[in-house]
Amino acid sequence: MITSVHREATVLPPLFNRLCFNLPQLGLHMDISGKFPTLCNPNPNVYLMRLTKPTLFTNMPVTCEDRDLPGDLFGRLMKEDPCTIKGAEALMLGEMLTLPQNFGNIFLGETFSSYISVHNDSSQVVKDILVKADLQTSSQRLNLSASNNAVTELKPESCVDDVIHHEVKEIGTHILVCAVSYTTQAGEKLYFRKFFKFQVLKPLDVKTKFYNAESDLSSVTDEVFLEAQIQNITTSSMFMEKVSLEPSMMYNIAELNTVETEDEGTSTFGKMSYLQPMDTRQYLYCLKPKPEFAEKAGIIKGVTVIGKLDIVWKTNLGERGRLQTSQLQRMAPGYGDVRLSLEMIPDTVNLEEPFDITCKITNCSERTMDLVLEMCNTCSIHWCGVSGRQLGKVSPSASLALPLKLLSSVQGLQSISGLRLTDSFLKRTYEYDDIAQTQSQ
């Protein structure tokens, strides 16, 4: 009968989930007690163990008052318990570590480590032993073996060991394929493979939202605010070591997750940045286009790449994980063929006294435009100057600074409106109302 036997490794921490694989041609006899099988036709065995760290041991303290029936019995038992902390026996946390009793969970972004051992249980020498470990995912097959050189010979009760590491970058089913080839003393070349399947789970749920700055001043109109919501969907706490945004080449970034003090910045989440299971944390970033890109209106339009999030965390005894999102994309707001924005406007103005503003006109189209400016008065805003004047030709992605003078005839908060731009080539008029607001007093 051909079979494979599962044997737990409880002696060599932090090794666990030990599996014993035998050659396909090997005759095995499994007794009822479940002990390791005896070999009828001696050949090497393959042992596969996952490397992981132990967990902190916790106990359940039971206490009572001295006047209760048990008296000090529970207290004496807890003091005699070797798992409790001396002087703090009522704490659930103990001084011992617990070896893992099962395979555990593997999460995306963590490092999967495994120990592979080929042991010669026979009384004969085998030659040309080659051990190869491949990891098959849904999209690729990776070679994890540290060395591809064959071992010349393997004496009885000797072994060939290999430790593999892999940073998990895909979720779903993973299959670790262990292949062993060797030559017997009779010169016969043998080869076999064994498969170990495991699932990679998702540790974090990341959601992003984009917000455009609600202002008409050109210095902030192109600002983008990114809100990143990160939720811990595992069953254990996480220490968030780093959450940062790596911007694309077109943007500068400012993190808004700290409170500036006299000495240094303090995180809005406190000194100990822990994320409990199923808790969600929000991170905020502000992105501004670099000057060389902000001046070119045709570049930052349509779908633009903002950057990607880089998340680093630690769990339990310092086990580290890291995730990087794909490039985050945003649909830039459309400004039409011609964009008019304000470079300068006073916050408050005097009633019926002229004041100056500076406009910026940008050609967002792919053709040259010949513009004519018309100024239309409203019930509270009156423009000073000549309406219908020629502004000249404006090339694609080019800008034109335009100083204007106006006055307010009504007190209170007034909206700047009434500008009209006409393209003399296409006879098309663009209207601009509610450009900005100012306080008249």
Side-chain angles (χ1 to χ4, degrees), residues 52-58 85 88 91-94 97 104-112 167-169 171 200-215 220 222-290 304-330:
T52 188
K53 293 184 179 180
T55 57
L56 295 173
F57 176 79
T58 57
I85 300 176
L91 292 179
M92 294 183 62
L93 189 64
L97 299 177
N105 295 323
I106 300 178
F107 293 102
L108 182 68
E110 295 182 343
T111 299
F112 171 72
E167 183 179 352
V168 182
K169 299 181 180 180
I171 61 174
V200 175
L201 306 177
K202 185 179 177 182
L204 299 171
D205 186 19
V206 181
K207 298 179 181 179
T208 58
K209 295 181 180 179
F210 290 105
Y211 302 94
N212 297 318
E214 295 182 358
S215 177
V220 296
D222 292 327
E223 285 185 358
V224 181
F225 290 92
L226 170 64
E227 176 192 348
Q229 298 181 2
I230 301 178
Q231 183 182 24
N232 177 10
I233 56 176
T234 68
T235 57
S236 60
S237 302
M238 287 184 178
F239 174 75
M240 306 304 292
E241 184 175 299
K242 183 182 76 169
V243 179
S244 62
L245 176 64
E246 298 178 0
S248 64
M249 60 180 294
M250 294 191 298
Y251 289 93
N252 292 321
I253 182 177
E255 293 193 9
L256 305 179
N257 304 308
T258 56
V259 178
E260 298 296 334
T261 59
E262 296 180 358
D263 299 332
E264 58 182 7
T266 303
S267 174
T268 56
F269 307 110
K271 295 181 179 180
M272 305 304 291
S273 184
Y274 287 103
L275 190 60
Q276 301 297 333
M278 304 311 296
D279 281 359
T280 302
R281 181 170 292 175
Q282 295 169 302
Y283 294 85
L284 187 62
Y285 304 91
C286 177
L287 297 102
K288 297 180 181 179
K290 294 181 179 180
T304 58
V305 175
I306 296 297
K308 58 184 178 180
L309 286 171
D310 187 13
I311 308 171
V312 180
W313 72 89
K314 290 182 179 179
T315 59
N316 294 336
L317 297 180
E319 296 172 291
R320 191 168 183 164
R322 180 182 181 185
L323 280 181
Q324 279 190 332
T325 64
S326 56
Q327 291 288 349
L328 303 177
Q329 293 184 338
R330 154 190 177 258

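The first residue in the sequence is number 1, and the count goes up from there.
Side-chain atoms of Lys290 come within 3.5 Å of backbone N or O of Met249 as a donor-acceptor pair. In this structure a side-chain-to-backbone donor-acceptor pair under 3.5 Å is missing from Arg281 to Asn232.
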task: Apply side chain to side chain contact (heavy atoms under 4.5 Å, CB included) to Tyr283 and Met240, showing your working.
output: CA-CA 12 Å; Tyr283 294 85; Met240 306 304 292; 4.1 Å; yes

task: Kindly determine whether Leu323 and Trp313 satisfy side chain to side chain contact (heavy atoms under 4.5 Å, CB included), including the steps that lead there.
output: CA-CA 9 Å; Leu323 280 181; Trp313 72 89; 3.7 Å; yes

message: Quick one, Thr268 with Leu284, criterion side chain to side chain contact (heavy atoms under 4.5 Å, CB included). Give me CA distance, side-chain angles, the key distance, then yes/no.
response: CA-CA 11 Å; Thr268 56; Leu284 187 62; over 6 Å; no

task: Begin with the C-alpha distance, continue with both residues' side-chain angles, and end with the deciding distance and a verdict on side chain to side chain contact (heavy atoms under 4.5 Å, CB included) for Glu255 and Tyr285.
output: CA-CA 5 Å; Glu255 293 193 9; Tyr285 304 91; 3.5 Å; yes

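At least one side-chain heavy atom of Thr208 sits under 4.5 Å from a side-chain heavy atom of Leu309. Val168 has its side chain out of reach of Phe107: every pair of non-hydrogen atoms, C-beta onward, lies at least 4.5 Å apart.
With sequence neighbours excluded, no residue forms a salt bridge (Lys or Arg N to Asp or Glu O under 4.0 Å) with Lys209. By the ring pair (Phe, Tyr, Trp, His ring centres under 6.0 Å) test, Phe210 is found to be paired with no residue, residues two or more places apart in sequence or in another chain being considered.
The distance from the CD atom of Glu319 to the CE atom of Met238 is 11.0 Å, given to the nearest 0.5 Å. Thr234 contributes atom OG1, which lies 12.0 Å from atom CG of Asp205 (distance to the nearest 0.5 angstrom). How far CG of Asn105 is from CG of Leu201: 5.0 Å, rounded to the nearest 0.5 Å. The distance from the CG atom of Leu245 to the CG atom of Asn257 is 10.0 Å, given to the nearest 0.5 Å.
Thr111 and Glu167 share no donor-acceptor pair across their side chains, judged by distance under 3.5 Å alone. Side-chain contact annotation: Gln327 with Gln329, donor-acceptor N/O pair under 3.5 Å absent.
For the pair Leu108 and Val200, the tightest heavy-atom approach, listed with the atom from each and the gap, is N-CG1, 3.6 Å.
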